[in-house]
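Here is the structure we will look at.
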Amino acid sequence: MYGQADYDLTDSTSFYSEFLHSRRETTINTYRQFWEPFIPAWEGHVEGWDGYVYLDPTAVTDHSGSVTDIEYTRGVLGLEGSIGFWNWDISWQRSLSSGTYQTKIIYQDALEMAAGAVTGGACEGELSPISGRECYAIDFFDPEYVRGNFDQGTRDFLFGSELGKTIYKQDAVEAFITGDLFEVPAGVVAAAFGIAYQSDEINDTPGATTLAGNSWGMSSAGITAGSQNTRAVYGEFQIPVLRDVVGARSLDLTASARWTDVNTYGSDSTFKIGANWSITDDLRVRASRGTSFRSPALFELYLGDQTAFFDQRSDPCFNWALAEEEGSINPTVLANCQAAGIPGDYNEDFGSGTAYTGGGAGTLKAETSVSEGVGIVWTSPDGRFATSADYYQVRIDNQVDDITGVDILNLCYNSENFETEPFCDRFTRNDGTDGNYNIIDVFGGYVNVASQYIRGVDFVASYNDDTPIGAVRVRLDHTVQIERSYKQFEDSEPQQYVGLLGNPRHSGTLTAMLERDDWSYTWVARYVSAVDNYGEYVNGNETTYRGIPVTFIADAPTTVYHTASVSKAFDNVDVTLGVSNLFDKKPPLGSPATAAVVGNAMLYSQYDQLGRQAFFNVQYSF
């Protein structure tokens, strides 16, 4: 629902208002496997089974999914008016987002209690220690149980649901005034000045079972709650410098500055300056330089402790002797794993490790960035041809990032200062009893990344002409990615991504259109250049699998997708019929261990996952 109301109070002052409310409900029905107990066959608890093995009845259930209900409300009240040649505006805005999420769960303590009863643990008349449910003796080895055809007693004991809620509220007040300051030989200097205040609050309360860490196979989470207030003062100037002189049809400058104070972090200043220089009527040069400042979001600051799980094979020291034989292990990692006393043939997986993540309040710094660009624009005198080239570079410092459990392990064992590396203190490992060197838990969370650096060139070329067969429009948009680097910490080696999977050096779109009478015909070709990850491996695309030499695929060729459409304009209606991915091109194939894939199809944003699609659009104007 949306509403708008305006009212003129006087000839120079007006009241305005807006109201928006939306609600959506999302229901997900799915299924999952779950397992428990692990029963030692050699102890004779299950008739007909013996030997040094564990019995693990793994069932499947459709008791999995969620219902999410989100309501969003936004209201605006404001006054605007004029004083001479100056215009002013004062507004207040409130937005409130409220969401509930109901999730189907399996009680961890109930499952463990029923599993314990198999080996003689208490059950009849007892209550599960956290969920308080009356114990039920489950026949884990009934074929119907494994098929997911549970009796009512099993369902009542193991299954339930919980309700969590998230509330996010924001209030913002802003006032600005804009107008002409004074006149100079090249024109009028214009300016704008403003102040702003904003408050943000978040409160996310997971369900009771999640808070207690009692949902089987699911991450646990704490309450995320906090608030933040932001104040700002800003100004902007538009300055005409030259008009109709030798070497300059016009030269205009824009300059802006902003001071921002966040109560949780302190203050910072940002600015932007730009120049637009028209050398002739056909040739123009533009340039800009600016900075930005972003304090961490409330979620990044106050996230309640959450848990997740990771595969033990993500441990850099897992089976390091085989990795050494294959030449696929970093020498620093190899030396550190050896120094830690981990056997080279350690390859037992005793279950997932647990990774903990929390907010970074008190340790996170604000993100900052510097962006620069310079470009040239040329248009032919007759207006048929136009082209531009813009060089850009952006550096981001202290970007807020979530360091995962696997990141912590890699940062520890890749360290040149392994004995004193702080990241090695953020996880615990089993001591090797019974050959178990698995990771128990890892403590990650939000940290500041040292820096990211991006630079490249954007090209645009167009041709427009009226011909005997109709109006012809052709446009090429092409991007060259020169550099994209990432440094985790100040003493880290920069990681370069250009040319790797997901980061093509060249990409663009070629659009050709013919307009004739009330008809228009369009052909679009979208393309990305070839990429590969082979430079990241010591032996290129060669390795071994269980001792057998194999090759893997971690590259994608230059890929082009075509879309064709035809449109017809009627009196008040425009109709478009078209086909995207006209030739039904499939995503490139890759090896799961070396590329992001679904099955063997590469899963990167540049590639179409859906195949050929027809579309039909109708637009009505009134």
Side-chain angles (χ1 to χ4, degrees), residues 33 35 38 54 56 213 216-220 305-358 401-447 449 486 488-489 491-493 495 533 536-539 543-547 550 552 554 591-597:
Q33 288 183 315
W35 49 89
F38 293 94
Y54 285 91
D56 176 20
W216 185 92
M218 304 288 284
S219 61
S220 66
D305 289 338
Q306 296 193 345
T307 62
F309 308 101
F310 63 90
D311 192 328
Q312 296 291 346
R313 291 172 177 79
S314 301
D315 180 357
C317 297
F318 193 87
N319 207 1
W320 60 258
L322 177 60
E324 180 185 23
E325 179 183 334
E326 295 175 344
S328 60
I329 189 170
N330 181 288
T332 302
V333 174
L334 175 62
N336 291 337
C337 292
Q338 292 172 332
I342 301 171
D345 60 354
Y346 145 60
N347 60 5
E348 292 288 338
D349 186 349
F350 290 90
S352 301
T354 303
Y356 296 87
T357 300
D401 192 15
D402 183 13
I403 301 297
T404 67
V406 174
D407 291 334
I408 296 291
L409 299 177
N410 287 326
L411 289 166
C412 168
Y413 288 104
N414 276 282
S415 175
E416 298 288 347
N417 304 300
F418 178 67
E419 294 183 358
T420 59
E421 175 55 58
F423 281 105
C424 296
D425 299 327
R426 299 178 71 109
F427 66 89
T428 55
R429 182 189 289 276
N430 283 292
D431 60 7
T433 302
D434 296 328
N436 186 354
Y437 288 89
N438 281 185
I439 302 295
I440 301 172
D441 44 36
V442 185
F443 298 87
Y446 285 97
V447 300
V449 173
Y486 174 93
Q488 185 77 60
F489 300 102
D491 58 352
S492 304
E493 285 294 322
Q495 296 175 291
N533 282 10
E536 303 297 295
Y537 301 96
V538 175
N539 297 323
T543 185
T544 59
Y545 180 71
R546 297 183 178 181
V550 297
F552 58 85
S591 299
T594 58
V597 297

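Numbers here are sequence positions counted from 1.
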Using 0.5 Å steps for rounding, measure from the [atom1] atom of [X] to the [atom2] atom of [Y].
X	Y	atom1	atom2	result
Asn347	Asp315	CG	CG	11.5 Å
Ile342	Asp345	CD1	CG	12.0 Å
Ile439	Thr354	CD1	OG1	11.0 Å
Trp35	Trp216	CH2	CH2	4.0 Å

Margin query: Restricting to non-hydrogen atoms, name the atom on Thr594 and the atom on Ala554 that form the minimum distance, rounded to 0.1 Å.
Written below: OG1-CB, 3.7 Å
Notebook entry, point to check: How far apart are the closest heavy atoms of Asp431 and Tyr437, and which atoms are they?
Noted result: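 For Asp431 versus Tyr437, the nearest heavy atoms are O-CE2, 4.1 Å.
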Item checked: Close side-chain approach of Ile440 to Asn430, heavy-atom, < 4.5 Å ->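 Ile440 vs Asn430: side chains touch.
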Margin query: Contact between Val333 and Trp320 at the side-chain level, heavy atoms closer than 4.5 Å - yes or no?
Written below: no
Margin query: Checking Asp441 against Thr428: is there a side-chain donor and acceptor pair closer than 3.5 Å?
Written below: yes
N/O donor-acceptor pair under 3.5 Å between [X] side chain and [Y] backbone:
X	Y	result
Asn336	Ser415	yes
Arg426	Val442	no
Glu421	Glu416	no

For a quick test of your reading: what N or O donor-acceptor pairs under 3.5 Å do the side chains of residues 406-413 make, sequence neighbours left out?
residue	atom	partner	partner atom	Å
Asp407	OD2	Thr404	N	3.1
Asp407	OD2	Thr404	OG1	3.1
Asn410	ND2	Val406	O	3.3
Tyr413	OH	Arg429	NH2	3.0

Notebook entry, point to check: Looking at Phe318 versus Tyr346, is the centre-to-centre ring distance below 6.0 Å?
Noted result: yes
